[in-house]
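A short write-up of the structure that comes next.
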Amino acid sequence: MKRTQILFIGQSTHHSLGVIGLILALSILLPTLWSCNRIDTVINEIKTTRDQTLFSIDKAITGIQNAPSDWENVLFNLKDALVKDLQETIREDVQQLITRSTGAAGTQVLCIMDAIPTRVIRTLEMLRAELIGGDVSVLPPSICLTSVNVIDLNLAKQKRDEVIFYGYDFGARESFSIYLIKDNGTKAILRNEVAFQSEYQFTIDLSGFSDAYLTTFRALAVSFDGNEMSRINIQKKDDVTPELRTVYITPSSFSFLPPHTRGDREFKGNGPQVRISTYLYKNSRQAYLRVYMKAEETKSDWTTAEGTSSRHYFYNAPTGWHIKKIDGQNSFPGVVEYLDTDTQDDIFNTTLGQFVVVGDTKGHEAGTRTGVSIKFSYRVPIVIEKD
């Protein structure tokens, strides 16, 4: 009698043909099997193999339930108990389960280690369901621990720029979506910032984002197949009262000769009419002043010396501080104003200090000798703020 060879091919996603697949194959080859009088024997062998496998899986599930810490030995015993021929794919799945679970234990992350027995049992239940043709639900990934509970922008950047996620089954990375989310639901998807270290860990690097940018979002979120798995809120920086300090600075002495702007440079006893003003200024780091002076003859040809001095710097903020403002009065228009009636120097004691003014002299003076020398006594109040 001619013999017929039957080959059953296992697939990684659906395991060996299983009972239903095998029966379909048998129905195709039924005439040959019947003529060989072996169909009863084959069906009995199939049933025996399935029953033995189900018994071994059930025994493993019960063993882990009774002794969760012994899950690794239970899995190795299950692998050895499975019949090699028709259940080779299930043996491979058990070996893969051993490898993955051992790898999870190797992370030394407590929440992963504690959950391994439950995860193993759930996987064995899936293998059992596939073997008997029941409904099989794929185990979704899960996150059990994060390195931070909140992204606190008040902390130093190195303490909160790296966020680590620990959990299970992070293999299907293309199905993950990781993003920053605003109050109105707007999302900023993160790609280059995400790195998967293993099936049990991935990291998000936020160091490339400024605090001002992160402040516009409410949370960092992780979803899988559109379902949100984890959300870490972003805590904005607290309102901090700036550190202020007031320093009192007396400007150093200063002299200014306004340029000749009109006439023949000689006042000739006709005045001049003199007006001097002083103004205080600041930038973020320095304080300075400028002096305006005008000396004008009272008759034709109206000889005049007039102009504003260059900046006279008198204060530099210390390192780590900047000038917030110059307190009090900044403008002193007409601090000295009078009609010169002789050729002697004129001395004025003012709010700012002593002004020594040269108006008319014997000879030409506009642009060469007419001017002012100031010996300041005023203490300028400067408010500085810590950077």
Side-chain angles (χ1 to χ4, degrees), residues 244-318 321-385:
L244 301 177
R245 182 185 300 170
T246 300
V247 295
Y248 294 88
I249 305 299
T250 300
S252 58
S253 297
F254 178 67
S255 296
F256 173 54
L257 297 177
H260 171 239
T261 58
R262 184 181 182 187
D264 61 6
R265 296 181 179 269
E266 172 60 63
F267 292 120
K268 300 176 183 177
N270 302 314
Q273 182 68 44
V274 177
R275 179 179 172 85
I276 302 173
S277 301
T278 302
Y279 303 94
L280 303 175
Y281 302 93
K282 64 97 179 172
N283 55 40
S284 64
R285 296 291 175 185
Q286 298 169 300
Y288 61 93
L289 61 85
R290 301 185 77 176
V291 174
Y292 166 82
M293 179 175 179
K294 181 178 181 180
E296 182 180 38
E297 189 178 13
T298 58
K299 293 183 179 180
S300 181
D301 64 353
W302 312 106
T303 295
T304 303
E306 181 180 15
T308 300
S309 72
S310 59
R311 297 178 179 182
H312 176 53
Y313 291 95
F314 61 89
Y315 177 73
N316 292 306
W321 295 76
H322 60 272
I323 299 175
K324 183 175 179 63
K325 65 177 179 176
I326 295 178
D327 224 347
Q329 188 174 346
N330 289 198
S331 176
F332 299 84
V335 65
V336 171
E337 191 166 15
Y338 76 105
L339 176 64
D340 191 13
T341 58
D342 55 37
T343 58
Q344 303 299 312
D345 293 352
D346 302 297
I347 300 175
F348 300 88
N349 292 311
T350 73
T351 301
L352 294 176
Q354 187 181 79
F355 284 61
V356 179
V357 183
V358 176
D360 194 9
T361 64
K362 295 178 181 179
H364 292 178
E365 57 275 318
T368 56
R369 288 185 285 178
T370 298
V372 61
S373 295
I374 308 171
K375 184 178 181 180
F376 291 98
S377 60
Y378 179 66
R379 300 173 68 215
V380 181
I382 302 174
V383 180
I384 59 175
E385 182 177 50

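- Applying the side chain to side chain donor-acceptor pair (under 3.5 Å) test to T304 and every residue at least two apart in sequence or in another chain returns nothing.
- Within the structure, no pair that satisfies the ring-ring contact (aromatic ring centres under 6.0 Å, His included) test touches residues 259-278, not counting sequence neighbours.
- Looking at residues two or more places apart in sequence or on another chain, you find no salt bridge (charged side-chain N to carboxylate O under 4.0 Å, His left out) involving D301.
- Contact check for Y315 versus I326: no side-chain heavy atoms found under the 4.5 Å cut-off.
- Between the CG atom in L289 and the OG atom in S309 there is a gap of 6.5 Å [rounded to 0.5 Å].
- Shortest non-hydrogen contact noted between D360 and D340 is N-OD2, 2.8 Å.
- When every heavy atom of N330 is checked against every heavy atom of G328, the shortest pair comes out as ND2-O, 3.2 Å.
- Between S331 atom OG and L280 atom CG the span is 8.5 Å, to the nearest 0.5 Å.
- Nearest approach of Y248 to P381, heavy atoms of both residues: CE2-CB, 3.6 Å.
- Residues satisfying the side chain to side chain donor-acceptor pair (under 3.5 Å) test with T368, not counting sequence neighbours, are none.
- For I323 against A287, the heavy-atom pair with the smallest separation is CD1-N, 3.8 Å.
- Between R262 and E306 there is no salt bridge, since no side-chain nitrogen of the basic residue lies less than 4.0 Å from a carboxylate oxygen of the acidic one.
- The line from CG of L352 to CD1 of I276 is 11.0 Å long, rounded to the nearest 0.5 Å.
- For E266 and H364, the side-chain atoms include no donor-acceptor pair closer than 3.5 Å.
- Here the side chains of V335 and T351 are not in contact, with every heavy-atom distance at 4.5 Å or above.
- R275 is linked by a side chain to side chain contact (heavy atoms under 4.5 Å, CB included) to S277, P333, E337, counting only residues two or more places apart in sequence or in another chain.
- Here the CE-OG1 distance, from M293 to T370, works out to 6.5 Å after rounding to the nearest 0.5 Å.
- The minimum heavy-atom distance linking S377 with G353 is given by the pair OG-CA, 3.3 Å.
- In this structure, K282 NZ and H322 NE2 are separated by 7.5 Å, a value rounded to the nearest 0.5 Å.
- Taking all atoms of both residues into account, the shortest heavy-atom contact from V291 to F256 is O-CE2, 3.7 Å.
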side-chain contact (heavy atoms from CB on, under 4.5 Å) evaluation trace for V336 with V372: CA-CA 10 Å; V336 171; V372 61; over 6 Å; no
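- Annotation: ring-ring contact (aromatic ring centres under 6.0 Å, His included) contacts involving residues 328-349, sequence neighbours excluded, comprise F332-Y378, Y338-F348.
- Side-chain atoms of V380 and P251, non-hydrogen and from C-beta on, do get closer than 4.5 Å to each other.
- Sorted by first and then second residue, the pairs that involve residues 269-294 and meet ring-ring contact (aromatic ring centres under 6.0 Å, His included), not counting sequence neighbours, are Y281-Y288, Y288-Y313.
- Here CD1 of I347 is found 5.5 Å from CD of Q354. Values are rounded to the nearest 0.5 Å.
- Not counting sequence neighbours, the partners of S252 by the side chain to side chain donor-acceptor pair (under 3.5 Å) test are H312.
- Counting only residues at least two apart or on different chains, no salt bridge (charged side-chain N to carboxylate O under 4.0 Å, His left out) pair has a member in residues 346-356.
- In this view, K268 and D264 satisfy the side chain to side chain donor-acceptor pair (under 3.5 Å) rule, not counting sequence neighbours.
- Shown here are the salt bridge (charged side-chain N to carboxylate O under 4.0 Å, His left out) partners of K375, two or more places apart in sequence or in another chain: there are none.
- Take R311 and apply the salt bridge (charged side-chain N to carboxylate O under 4.0 Å, His left out) test, not counting sequence neighbours, and it matches no residue.
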